[in-house]
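A short write-up of the structure that comes next.
Labels below follow one simple rule: chain letters A, B, ... track the order of the sequence lines, proteins then strands, and each chain is numbered from 1. Because the structure is predicted, anything quoted here is derived from the model rather than measured. All heavy atoms count here, side chains included; hydrogens, waters and symmetry mates do not.
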Amino acid sequence: MEPRYDIKEVETRISKAWEDSGLFNPDICIEQGKTDADAEPFSIVLPPPNVTGVLHIGHAYEDALQDVAVRYARMQGKRTLWVPGTDHAAIATQAKVEKELSKTEKKSRFDLGREEFLKRVNDFAKASHDTIVKQVKRLGASLDWTREAYTLDEKRSKGVRTAFKTMYDLGLIYRGNRIVNWDPKGGTVISDDEVQHEERTATLYTFRYDKNFPIAVATTRLETKFGDTAVAVHPSDERYKQYVGKEYDAVFCGEPIHIKIIADESVEKDFGTGALGVTPAHSMIDWEIAERHKIPAKQVIDERGKMTVDGIVNGKKTEEARMLVAEELRKNGLMEKEEDVVQNVSIAERTGAIIEPLPKLQWFVAVDKPFAHGSGFLGIGTKTTTLKKLMYNAVASGKVKFTSERFEKTYFHWIDNLRDWCISRQIWFGHRVPVWYKGNEIYSGVEAPAGDGWEQDPDTLDTWFSSALWPFSTLGWPEQTPDLKTYFPNSLMAPGYEILFLWVARMILMAGVLLKDIPFKTVLIHGIVRDSKGQKFSKSLGNGIDPLILADTYGADALRMALIVGAPVGNDVKFDEQRVKGYRNFSTKIWNIARFIHMNKPAGSASESLKNNEKPRDGGEYIKEFNTLKKDVTAHIEAYEYHLASEKAYHYIWHTLADKIIEEQKAKLRDGSAAEKEAAYRLLEHLLLESLKMLHPFMPFVTEAVYQIFRPGRMLMVERWE
RNA sequence: GCGUCCUUAGCUCAGUGGUAGAGCGUCACAUUGACAUUGUGAAGGCCGGAGGUCCGAUCCCUCCAGGACGCACCA
């Protein structure tokens with residue numbers, strides 16, 4: 001053996017050996033007799049990384065976790081499939097290319113036109129994809145690349161169109177004019193789950209529309225008040241009871257408005273004046289109030305964030321309009337109070353723009369609408385159900401298990417508050433809405449309708465719509481493929497908790513409607529990798545670390561260990577480069593343990609019998625000790641307590657096998673009789689190889705490399721976990 | 001407002017109804033050895049605070065304080 005553990009040489013060589021063997025593909029495992037054809041399947045699909053650039057350390061962590069599960073399953077002899085793929089990440093990818101385009105060529109996507117722009121995005125996505133694949137492979141992930149998928153490839157696109165059409169026919173997808181989250185910077189609508197909140201200070205103005213109006217109202221968004229169509233008060237508020245039901249014509253900053261006074265439970269008596277100016281077109285809440293009371297909506301802000309009313313604010317941006325209105329109110333003695341308040345502002349997740357709620361004609365998924373389900377799935381009954389109920393019951397029934405119960409609570413809470421899911425986007429990169437129009441005719445189908453004059457909807461679908469199909473689109477759905485039959489539902493899914501709603505819930509939804517089944521049995525929800533100060537890794541903070549550089553410096557094995565040991569899977573991981581270094585030392589330690597044992601291999605034919613993995617005759621108590629530990633480690637892996645399993649394996653190899661057992665056997669190896677030397681060697685070799693097997697899911701490279709030195713021609717990754 | 005989680009060694013964090021654990025760091029000693037080092041040992045803790053249940057609580061329950069996060073939102 002080489003005196004030094006050459007990380008890069010070994011990891012590169014082993015990577016290639018695995019790839020050449022084809023054993024990441026379960027079909028080849030069966031062909032070669034490594035797996036029984038009727039073995040229990042174990043399937044998992046890689047949460048597809050976005051083709052927006054490169055992998056970060058969070059991906060390395062997520063892949064490591066899954067690879068532990070996959071390698072363990074494979075070693076158990078299961079028919080193991082881990083499907084790789086990437087996500088086109090519609091809005092994120094488009095935004096990235098647009099930014100680049102504007103920087104280097106000073107052009108917008110409209111300057112290029114849809115076709116040329118999409119070509120650019122696809123080129124970028126392709127380059128990004130290639131980088132990502134290389135990175136994932138480097139980290140030792142045992143994915144079956146022969147089955148690679150892309151959310152925007154031909155098969156997945158057909159799946160998307162089929163899903164849309166099916167749900168459209170069920171009445172679960174509808175087109176409606178409703179208030180939506182408009183991202184003025186991205187120029188598109190986004191869903192509730194893509195909106196984030198940020199605390200900001202704002203001025204709360206208390207004012208009257210005009211001198212004759214009987215009630216003062218409070219708002220932070222004065223400029224929207226041109227769109228007020230009602231004033232709402234609490235039904236039990238004695239102060240305003242006399243006005244409820246009355247209607248007023250008023251003049252607000254020179255513009256006529258018509259206000260109806262209504263009573264609604266949602267109004268808080270103690271806030272502001274206890275009266276709420278209702279602006280249905282520019283506030284989610286107000287929209288809902290207006291719906292309840294059949295109050296009309298009046299839009300006063302356009303998609304560019306500019307005022308559309310006549311008079312002093314015409315054409316102005318919202319912030320400027322607000323100042324103008326405030327000034328006008330003060331001038332006319334209508335402003336009663338101005339105070340600073342802290343409020344939460346809605347921000348678009350991808351572009352950082354402040355959300356402008358606007359009424360727009362968009363496509364939605366109806367989550368509360370009863371539909372004919374026609375199966376007894378999840379004990380829902382055979383008649384009708386709603387998507388909310390489907391999502392709820394999948395988890396409540398225990399069919400889908402979350403590894404941490406606390407996430408189930410979060411999940412249920414989210415469902416309770418869920419509104420219809422807006423799925424159309426005004427961007428170009430993505431799945432085009434599979435709907436065609438001709439005059440008043442509307443057609444939804446998997447393919448375009450025959451005949452002339454049909455115009456396809458210009459919008460694209462929320463990227464999460466295609467991601468939601470991932471557990472089965474990757475297996476060939478809507479075709480009834482053998483893979484789908486064997487590997488669906490997936491055994492496991494390993495997403496981060498930050499996409500519990502965006503993704504996990506939607507997969508459950510889609511599988512429930514389209515396949516009348518759960519998408520996966522177990523959800524292993526993991527935390528976020530943070531830096532040593534506890535901050536998220538992000539470009540703006542400049543604290544990003546390239547996992548590949550770490551892998552090249554310390555080894556992918558060491559990186560994996562540093563991420564897995566020390567934090568339970570559901571918790572956040574605090575990442576510290578020092579720890580990677582520590583596990584690099586551990587790799588070296590393993591190499592040296594092996595080298596020492598290898599050097600002490602007795603010459604002659606006796607050792608040839610070792611090839612058959614015979615148990616050594618001596619050292620029974622050591623073997624017993626090992627077996628107890630192995631059982632313990634196995635139990636931890638089964639319970640997804642990878643942090644404990646890996647730590648115990650680590651501790652055993654270093655501080656029991658190396659520090660105690662090898663030290664104790666040294667004398668015999670040096671001075672013993674031939675028989676004693678043989679016995680000592682057999683014992684050490686046995687314990688080493690068994691230890692490598694136990695550690696393999698966590699540190700696949702060094703364990704495989706050493707194993708093959710002792711067992712040439714064999715492959716540790718398909719040895720049996722007993 | 002509703003909800004979840006966290007508080008354990010200098011740091012980062014595990015863990016358990018029965019005398020407190022790891023890694024890193026620190027200190028002392030040993031060592032060129034299978035070991036780009038390693039080994040042996042040491043120091044270091046009222047397990048956030050107060051109650052309760054229990055023979056016994058760091059662990060279970062209640063409350064409090066501090067911190068993180070999710071959802072909803074005050075217009």
Note to self: Given the structure, check if the side chain of A:E663 and the base of B:rA34 hold any donor-acceptor pair shorter than 3.5 Å.
What the structure shows: yes
Notebook entry, point to check: Does a salt bridge link A:R682 with A:E685, judged by any charged N lying under 4.0 Å from a carboxylate O?
Noted result: no
Note to self: Output one letter per nucleotide in nucleotides 18-24 of chain B: B when a protein non-hydrogen atom lies under 4.0 Å from the base, S when only the sugar-phosphate is that close, - when neither is.
What the structure shows: ----SS-
Next item on the list: Using a 4.0 Å heavy-atom cut-off across all strands, classify A:G272 as base, sugar-phosphate, or nothing.
Entry: nothing
Next item on the list: For nucleotides B:rG25 and B:rU62, find the distance between their P atoms and express it as a whole number of Å.
Entry: 41 Å
Margin query: Can you see if the side chain of A:K409 gets near the phosphate of B:rG3 - specifically, an N or O under 4.0 Å from OP1 or OP2?
Written below: no
Next item on the list: Assign A:L276 to base, sugar-phosphate, or nothing according to its heavy-atom contacts below 4.0 angstrom with the strands shown.
Entry: base
Margin query: Taking B:rA72 as the reference, what is the distance to B:rA14 when you measure between their C1' atoms (whole Å, please)?
Written below: 35 Å
Notebook entry, point to check: Is the shortest side-chain N to carboxylate O distance from A:E328 to A:R330 below 4.0 Å?
Noted result: no
Note to self: For B:rA34, give the paired nucleotide (Watson-Crick: N1-N3 plus N6-O4 or O6-N4; G-U: N1-O2 and O6-N3; both under 3.5 Å), or none.
What the structure shows: none
Notebook entry, point to check: Could a donor-acceptor pair under 3.5 angstrom be found where the side chain of A:N417 meets the base of B:rC71?
Noted result: no
Note to self: Return the pairing partner of B:rU62 with a 3.5 Å limit on both distances, Watson-Crick or G-U wobble; otherwise return none.
What the structure shows: B:rA50
Margin query: Any side-chain N or O of A:H197 below 4.0 angstrom from OP1/OP2 of B:rA72?
Written below: yes
Item checked: Qualifying residues under side-chain contact (heavy atoms from CB on, under 4.5 Å), relative to A:E638, sequence neighbours excluded -> A:Y72, A:Q76, A:T634
Next item on the list: Salt-bridge test for A:E336 and A:R208: reply yes if a basic N is under 4.0 Å from a carboxylate O, no otherwise.
Entry: yes
Next item on the list: May I ask you to say whether A:D264 pairs ionically with A:R292, meaning some side-chain N is under 4.0 Å from a carboxylate O?
Entry: yes
Check: If you draw the axis of the six-membered ring of A:F364, does the NZ or CZ of A:R178 fall within 45° of it and under 6.0 Å from the ring centre?
Finding: yes
Note to self: Using whole Å, what does the distance between atom P of nucleotide B:rU38 and atom CD1 of A:I662 come to?
What the structure shows: 15 Å
Check: In the strands shown, is B:rC29 matched to any nucleotide by a Watson-Crick or G-U wobble pair with both distances under 3.5 Å, and which?
Finding: B:rG39
Next item on the list: Quick one: label A:E498 by what it contacts on the DNA or RNA (base, sugar-phosphate, nothing), any heavy atom closer than 4.0 Å.
Entry: nothing
